[in-house]
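Naming convention: chains lettered A, B, ... in sequence-line order (proteins, then strands); numbering from 1 in each chain. The structure presented is a predicted model; accordingly, all values stated were derived computationally and were not measured.
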There are 2 protein chains.
Amino acid sequence: MSSNKIDTRSRILKASLELLEASHGRGVRMSDIAKRAKLSRQAIYLHFTTRAELLIATTHYLDEIKGAQNRLEASRTALTGTERLDAFIAAWGGYIPEIYGIAKALLAMSDTDQEAATAWSKRMQDMREGCQAAIDALYRDKKLSANYSREHATDILWTMLSIRNWEQLSIECGWTQKQYITMLQTTARRIFVVDGAGI
Amino acid sequence: MSSNKIDTRSRILKASLELLEASHGRGVRMSDIAKRAKLSRQAIYLHFTTRAELLIATTHYLDEIKGAQNRLEASRTALTGTERLDAFIAAWGGYIPEIYGIAKALLAMSDTDQEAATAWSKRMQDMREGCQAAIDALYRDKKLSANYSREHATDILWTMLSIRNWEQLSIECGWTQKQYITMLQTTARRIFVVDGAGI
DNA sequence: CTGTCAATTGACACTGTGTCAAGTAAGGTG
DNA sequence: CACCTTACTTGACACAGTGTCAATTGACAG
């Protein structure tokens, strides 16, 4: 009974996620999700009040499955600021391909739906905290370039790591995931780290 | 008669542009454009076959008004590669706020409409040529960092200069236009130019 | 006076979201 | 066993926005 309800909810989330991943977030309708979850379109509304709510719930479901929290927090254990920057870029950059489909869908909805826009904004704000922490670590090590305030440096790193940028480089320019991560690490060092060009 | 027809077409384009600029490209319907151009919604379809076509025509109309071509080509006269990089960033970066509304609308349509996606992609490809030219100029001066191939450097510059990045920094982070341009110039130098950190 | 052309008007098809009411099938409880 | 609740189904419908169509109007030109 009540476990039955939970089952169905998960089944819907699973169907939603699979479709969004497969389609890069495009053109997935409530009826498609229903079909894949093997119930009627209307039944979805017994579990989620709107499409936006379903998409948002799908992102949480995804996080749970992929252990997003743990992966991103791993970078906190890095010793030096530079290592932490590298680790955060690797963690987040590695996570993007896994969330790309649902992210794209939520982003598209944000254009018209306030609820979706708020949810998306919150997620990006969470990610920003990771950027902030990495920049702060660099600052504590006295390694942050004098060109930027901590705030501006955070803004820049946050922007560099945006999903849109990953999309452009990976999908439009055809970069491999390794090229993407390596470039970001190299570039971030060149930009932010005093004397830290590396190579 | 025939000049009458042209008049109406321009009136529609003007209305479309004004609404898109004012609304940052969001929620502008055919009926809104019709109202502002003072004709019936259906009459628009006598001049443009679809909404996508109207949006695309609006971008061309905008380019014409703002003299996009000339402004972007001005950077070609710069003497050194570094100057050219600076000039191109300033020219394009300065152009973005003017096209933001219509760009956003076209971008939103690209999610569902193939025609819009193609038109958008073409525009971005044109802009990419400017990036390519700046990177090539740097390369000819033997100033391009050995970290990147010319192709990859172009990809990176192209991505840095994306409208989405401008949007994030300006609108979400609250940067001024001057801060945006200066940061990009400084950062591009740090990334691409051998020995060219500057300040 | 007639033909042409731009535009209007009202109606309608289509897609996708969201709602509602009535009905059904299954399971638990008296 | 009969009864009730719960999850779900079915079919219908409202709504928004795009795009189409046919019939009509008004103006101007030859």
>> Using OP1 and OP2 only, check whether a side-chain N or O of B:His47 sits under 4.0 Å from C:dA7.
In response: yes
> Once you round it to whole Å, what is the distance between C1' of D:dT6 and CZ of A:Arg9?
Replying inline: 17 Å
> Does A:Asn147 use its side chain to pair, donor to acceptor, with the backbone of B:Thr186 at less than 3.5 Å?
Replying inline: no
>> With a 4.0 Å cut-off on N to O distance, would you call B:Arg36 and B:Asp32 a salt bridge?
In response: no
> What one-letter contact string describes nucleotides 13-19 of chain C from 5' to 3', where B marks a base within less than 4.0 Å of any protein heavy atom, S marks contact via sugar-phosphate atoms alone, and - marks no contact?
Replying inline: ---SBBB
> When the distance from CG of B:Leu54 to P of D:dG17 is rounded to whole Å, what number comes out?
Replying inline: 16 Å
> Could A:Glu21 and A:Lys104 be called an ion pair, given the rule that one side-chain N must be under 4.0 Å from one carboxylate O?
Replying inline: no
> Can you tell me how far P of C:dA26 sits from CG of A:Asp7, to the nearest Å?
Replying inline: 17 Å
> Taking NZ, NE, NH1 and NH2 as the nitrogens, is one of them in B:Asp155 or B:Arg128 under 4.0 Å from a carboxylate oxygen of the other?
Replying inline: yes
>> Please evaluate residues B:Tyr100 and B:Leu20 with respect to the criterion side-chain contact (heavy atoms from CB on, under 4.5 Å), reporting the C-alpha separation (whole Å), side-chain torsions for both, the decisive distance (0.1 Å), and the verdict.
In response: CA-CA 9 Å; B:Tyr100 177 62; B:Leu20 289 168; over 6 Å; no
> Any chance the side chains of A:Thr187 and B:Tyr148 put a donor and an acceptor closer than 3.5 Å?
Replying inline: yes
>> In whole Å, I'd like the distance from the CG atom of B:Leu46 to the C1' atom of D:dC21.
In response: 12 Å
